[in-house]
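Chain identifiers are assigned alphabetically (A, B, ...) following the order of the sequence lines, protein sequences preceding nucleic acid strands; residue numbering begins at 1 within each chain. These figures come from a predicted structure and were not determined experimentally.
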There are 2 protein chains.
Amino acid sequence: MSQVSKQMIKNLSIDCVVFGFENNKLELLLIKRKSNPSKDSWALPGGFVLKTETLDEAAVRILEENSNVKNIYLEQVHTFSRIDRFPLRRVISVAYFALIDPENHFLKPGVDTTDVKWFQVNEKIEFPFDHAEIFQRALKRLRQRVRTKPIGFELLPEKFSLTQLQNLYECILDENMDKRNFRKRILSYNMLIPLDEYQEGVAHRAARLYKFDSKEYQNFIDKGFNFQL
Amino acid sequence: MSQVSKQMIKNLSIDCVVFGFENNKLELLLIKRKSNPSKDSWALPGGFVLKTETLDEAAVRILEENSNVKNIYLEQVHTFSRIDRFPLRRVISVAYFALIDPENHFLKPGVDTTDVKWFQVNEKIEFPFDHAEIFQRALKRLRQRVRTKPIGFELLPEKFSLTQLQNLYECILDENMDKRNFRKRILSYNMLIPLDEYQEGVAHRAARLYKFDSKEYQNFIDKGFNFQL
DNA sequence: TCAAAAGTGTTTGCAATACACCCATGC
DNA sequence: GCATGGGTGTATTGCAAACACTTTTGA
């Protein structure tokens, strides 16, 4: 521990806003803090940057240490610097955001964590510190992202129905979309590969499943597009 | 100086990417460094954050101290953290960007600065440290900004012609636009107030001058729009 | 009268929207 | 056979794009 703290940059931390999608709801990954300040409250996974790593590297490490979530892409959002944002001393925090499929990640509390859990984004969450602000900022980024880059690959299971994808968009943007127009648009990108597989065990006509064409998907990540409603 | 350095957060700095528009060219404000490292090279105005200020406050202070440019709006862009980005020790730097009208700001070198000057963005600039990367990131942000929010108020004189405004857009995006379509589009926002004033002393038909309707301008800043070509 | 930039409208095509009914499945 | 969600096509509208000539002014 003394060795670890020697390497830490004590005034610089990372907070991770990790979004998931499950049961047709947008979710957020939170950890329960083992120690003070704000012991026992549910907070964004976070920690201090080490002298030997970049911020991107720190974000990946910290998320894994807190929650066991690994091998994901984290993107820097904003750096928060309110003077009293952390009660013990001046700490500036760099926020990262990520999208993952909850099904694919086994959660395990880390060293300074007593629990890790998914929360629905639309339930009221009492955040400690300035985490409410950080979360809002990340959500805003997500909403902007969904309009300009394809999304879903990271949030959905490998095989999914168009309705699932539409639900994801509707959850993120918090608005309803026309089914026919949505399908027309999303299929026109040629980013989805229709499979010869269908939903099973549902009490209605089974939906066709699709997967992403990762080449085309990547292509649109690079080029961007303009997805309206 | 010892008092000042006591207050400094020595591992956290700000770098400012300040854009201007003059003679139909997009410009960048650089300072000439008085001391090592990279003494005498032209660099982004920067400095260290104080313990008593937020990042936004630091950016404003640092830009003024470096260049005398004041009373402007600076927006956070990204935080840079390459481990060897600063040669003397580990320093993380938060980049800010701003848009100003060069005519409205009298430049004056600051304490650690021997000179301040506008450079054209399309000339090759040899940046020290990771300033090339920071600059590129800010330019990208500017290009994205120009598509989604009105721009120009901060970069142009109070009264300007539509051609000037179009030139600004063309410089930022580095592409040519159709004059009629540009005018149609920009006027349709009802963001410009036509004046009963015209260019003077030009060897051709004098262009009508306009100014921004600051209420509508602000409205579009808040709502955003989608400006294509 | 010439050069140089200002100013102005119309047509065309594509893409966004709105909209309603039949289909397959499990119970 | 009914409830549940899956799946499909067309007509309309509005916006983006392409495009060329006349006007004004100073030199």
Whole angstrom value for the distance that separates [atom2] of [N] from [atom1] of [X]:
X: A:E200; N: C:dT25; atom1: CD; atom2: C1'; result: 13 Å
X: A:N226; N: C:dC14; atom1: CG; atom2: C1'; result: 15 Å
X: A:F182; N: C:dA16; atom1: CZ; atom2: C1'; result: 15 Å

For every nucleotide of nucleotides 5-13 of chain D, 5' to 3': is a protein heavy atom under 4.0 Å from its base (B), only from its sugar-phosphate (S), or from neither (-)?
BBBBBB---
Using five base pairs at each end to define the local axes, how bent is the helix from C:dT1-D:dA27 to C:dC27-D:dG1, to the nearest 10°?
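Comparing the axis at each end, I get an angle of 0°.
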Answer with yes or no whether the side chains of B:R183 and B:T163 bring together a donor and an acceptor at under 3.5 Å.
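B:T163 vs B:R183: donor-acceptor pair found between side chains.
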Would you tell me whether A:T79 and B:T79 have side-chain atoms, one donor and one acceptor, within less than 3.5 Å of each other?
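Yes, a side-chain donor-acceptor pair sits under 3.5 Å.
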Evaluate the side-chain proximity of B:D15 to B:F80: yes if any heavy-atom separation is below 4.5 Å, no if none is.
no
Would you confirm whether the ring centroid of B:F160 sits within less than 6.0 angstrom of the ring centroid of B:F212?
yes
Centre of B:F119's six-membered ring, under 6.0 Å away, within 45 degrees of the axis: is that where NZ or CZ of B:K117 sits?
yes
Can you see whether B:F220 has B:K223 sitting over its ring - NZ or CZ less than 6.0 Å from the centre and within 45° of the normal?
yes
Expected output: side-chain B:S41 to main-chain B:P128 donor-acceptor under 3.5 Å
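Here the side-chain-to-backbone pair does not exist.
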Tell me if a side-chain donor or acceptor on A:E154 pairs with a main-chain N or O of A:D101 at a distance below 3.5 Å.
no
